[in-house]
Amino acid sequence: MIKSIIRKEIQVLLKEKGTFFWLFLLPIFFIIIFASIFGNASDTITISFYDQDHSDMSAMFVKQIKHIPGFEVKQDKTITMKEQIEEIKNGKSTSLLVIPKGYEEKIKAGEQANIQLYRDATADTAVAPIKAVLENIATTFRETKLTQALQTLGQNEAQAKTTLTPPVQVKEIKENAAKLNMITQVVPGYTVMFVFFIMITMVRNFIKDKESGMLSRLRSTPMKSFHYLIGMWVPNILVVVTQSAVLLLFGKIVYDLKIGNVLSIIFIVVSLAICATGLGLLLSVFVHSENQGVAFVQIITMGGAVVGGLWFPYDFLPAFAQVIGKFTPQFWAQQGLQDVMIRGANLGDVWVTVIILLAFGVAGLLIASVRFNKFFTSSIS
């Protein structure tokens with residue numbers, strides 16, 4: 001009996017063109033769009049400047065910025081400084097660094113020389129790295145001046161350097177096995193997100209069996225509700241596993257996604273498939289129409305994508321969203337995949353993720369089994 005239902009369900013899935021669109025073509029389209037937009041984003045920050053002094057000292061200042069990794073400087077000589085400041089006021093630009101006339105003269109005289117940073121008051125995030133660089137350069141100048149003063153007081157260069165050495169230094173140690181970039185966010189993120197769209201197909205097939213009289217005819221057989229649920233469950237698990245494999249392989253081939261430990265990925269993908277389809281069973285026996293089911297799927301899929309960190313890195317989310325996200329399967333699936341791809345985790349490191357995803361799926365199956373009799377008796381004869 002279970003084999004017959006599985007065979008029937010596979011045939012239905014293969015004939016349903018919408019299944020391939022929602023589960024394969026649409027996620028690939030999303031991955032291409034977002035990976036193209038964010039995956040090729042430059043890590044270099046451009047600092048626009050205007051040199052009014054045109055001196056050796058101003059050129060040296062600009063050269064210092066050029067030597068800082070991740071930054072480049074640009075001077076637009078086609079428009080005046082006033083016009084560039086006007087662009088900032090109109091929101092067409094975020095900042096402009098101005099080296100005023102008399103800069104070199106003040107430096108040589110030992111006076112304080114002002115560097116002007118015109119900025120968009122609403123662009124704090126974009127301007128913050130530029131401010132940090134300028135403050136770092138100012139600190140370097142101050143330390144040079146202090147060194148010269150200490151040497152004047154009788155200290156040699158080594159002693160002056162020792163005097164200016166801070167008592168505490170923070171050393172950054174990076175532990176990720178692979179580079180974190182938008183590809184390692186987008187590909188697993190949209191794979192996990194679109195996995196849950198299998199629930200639309202499951203709801204549609206359950207409602208179709210109910211309205212076509214299929215369930216009424218099955219009531220006259222010795223079939224148990226558990227058999228029917230298993231028969232409807234297994235084909236969809238296979239579809240989701242195939243879907244995930246295709247999307248991750250697409251990311252690997254097209255965007256050079258670092259997969260990491262393949263066995264760990266397989267366990268996460270299979271447990272994710274059981275999770276999504278188990279919840280699909282649960283939803284299918286509770287909804288009263290296909291439209292109602294699609295609405296709930298949208299809420300589960302989109303809501304889980306936001307708080308689960310599928311669209312944006314989880315650390316970027318507000319604190320309350322992070323708390324909610326930990327109760328969603330999307331969060332655990334995304335974290336598990338990224339642990340393997342970015343941090344080099346193996347199966348022993350992601351067992352919690354696998355168990356939680358399986359728990360969601362098994363819970364969905366058990367609740368659906370309890371609810372199924374009511375769904376069964378409401379079928380149209």
Side-chain angles (χ1 to χ4, degrees), residues 1-13 16 19 22-23 192-241 243-244 269-304 308 327-330 332-333 354-381:
M1 183 62 71
I2 295 179
K3 289 182 179 179
S4 299
I5 297 174
I6 291 176
R7 190 181 304 112
K8 183 268 296 182
E9 191 63 14
I10 290 176
Q11 291 173 348
V12 170
L13 287 170
E16 183 60 58
T19 300
W22 283 102
L23 301 183
V192 173
M193 182 179 113
F194 279 95
V195 155
F196 287 86
F197 276 101
I198 190 66
M199 293 192 289
I200 292 179
T201 300
M202 297 180 73
V203 167
R204 182 182 294 120
N205 291 342
F206 268 77
I207 296 297
K208 188 182 295 182
D209 281 355
K210 177 181 175 180
E211 294 180 346
S212 67
M214 172 70 73
L215 283 178
S216 297
R217 291 191 293 273
L218 290 174
R219 291 176 66 180
S220 61
T221 68
M223 183 198 72
K224 296 180 180 179
S225 61
F226 197 78
H227 295 161
Y228 178 78
L229 290 174
I230 294 296
M232 298 292 283
W233 194 21
V234 171
N236 290 288
I237 291 176
L238 298 177
V239 170
V240 171
V241 170
Q243 174 199 19
S244 300
V269 165
V270 172
S271 59
L272 175 62
I274 292 173
C275 169
T277 53
L279 294 177
L281 292 176
L282 172 63
L283 183 63
S284 297
V285 297
F286 273 93
V287 297
H288 300 290
S289 67
E290 182 178 328
N291 288 337
Q292 186 184 37
V294 170
F296 277 111
V297 171
Q298 297 287 353
I299 294 172
I300 294 170
T301 302
M302 299 303 178
F327 291 92
T328 65
Q330 288 95 330
W332 293 100
V354 172
I355 289 176
I356 290 175
L357 292 176
L358 290 176
F360 271 105
V362 173
L365 173 63
L366 294 178
I367 297 173
S369 300
V370 174
R371 168 73 181 180
F372 185 73
N373 284 334
K374 188 171 182 179
F375 176 82
F376 204 28
T377 55
S378 65
S379 60
I380 300 174
S381 58

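Note: hydrogens, waters and symmetry copies are ignored here, and every other heavy atom, side chains too, is used. This structure is a prediction, so every number in the text was calculated from the model and none was measured.
Remark: Asn205 CG to Ser284 OG distance equals 8.5 Å, nearest 0.5 Å. Atom OH of residue Tyr228 and atom CZ of residue Phe375 lie 6.0 Å apart, to the nearest 0.5 angstrom. Taking NE2 from His227 and CD1 from Ile6, the interatomic distance works out to 11.0 Å, rounded to the nearest 0.5 Å. For the atom pair Ser289 OG and Glu211 CD, the distance stands at 8.5 Å (nearest 0.5 Å).
Each of Ile200, Ile299, Val287 was evaluated against Val294; a single residue qualifies, Ile200, per the side chain to side chain contact (heavy atoms under 4.5 Å, CB included) test.
A 4.5 Å side-chain heavy-atom check between Gln298 and Phe197 finds at least one atom pair inside the cut-off. Contact annotation: the side chain of Leu365 approaches that of Ile230 to within less than 4.5 Å [non-hydrogen atoms, C-beta and beyond]. With contacts defined as side-chain heavy-atom distances shorter than 4.5 Å, the pair Phe196/Leu279 qualifies. Between Pro329 and Leu272 there is no side-chain heavy-atom pair separated by less than 4.5 Å.
Thr328 and Gly308 make their closest contact through OG1-CA, 4.0 Å (heavy atoms, listed as atom of the first residue, atom of the second, distance). The shortest heavy-atom contact between Ser271 and Leu357 is OG-CD1, 3.5 Å. Heavy atoms only, all atoms of each residue included: Leu229 and Phe372 are closest at CD2-CD1, 4.0 Å. Scanning all heavy atoms of the two residues, the minimum distance from Leu282 to Gly364 falls at CB-O, 3.9 Å. Looking at every heavy atom in both residues, Asp209 comes nearest to Met232 through OD2-CE, 3.8 Å. Asn236 and Ile198 get closest at one heavy-atom pair: OD1-CD1, 3.6 Å.
A donor-acceptor pair is defined here as one N or O able to donate and one able to accept, closer than 3.5 Å; no such pair exists between the side chain of Glu290 and the backbone of Phe206. Of the possible donor and acceptor atoms, none in the side chain of Thr277 sits under 3.5 Å from a partner among the backbone N and O of Gly280. In this structure a side-chain-to-backbone donor-acceptor pair under 3.5 Å is missing from Gln243 to Val239. Using a distance-only test at 3.5 Å, with no hydrogens or angles considered, a donor-acceptor pair links the side chain of Gln330 to the main chain of Ile300.
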Exercise for the section: I would like to know whether Leu281 and Met202 meet side chain to side chain contact (heavy atoms under 4.5 Å, CB included); could you show each step before the answer? Expected result: CA-CA 7 Å; Leu281 292 176; Met202 297 180 73; 3.6 Å; yes
Start with the C-alpha distance between Cys275 and Leu358, add both sets of side-chain angles, then the distance that settles side chain to side chain contact (heavy atoms under 4.5 Å, CB included), and finish with yes or no. CA-CA 6 Å; Cys275 169; Leu358 290 176; over 6 Å; no
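Heavy atoms of other residues, nucleotides or ligands lying less than 6.0 angstrom from CZ of Phe286 number more than 12.
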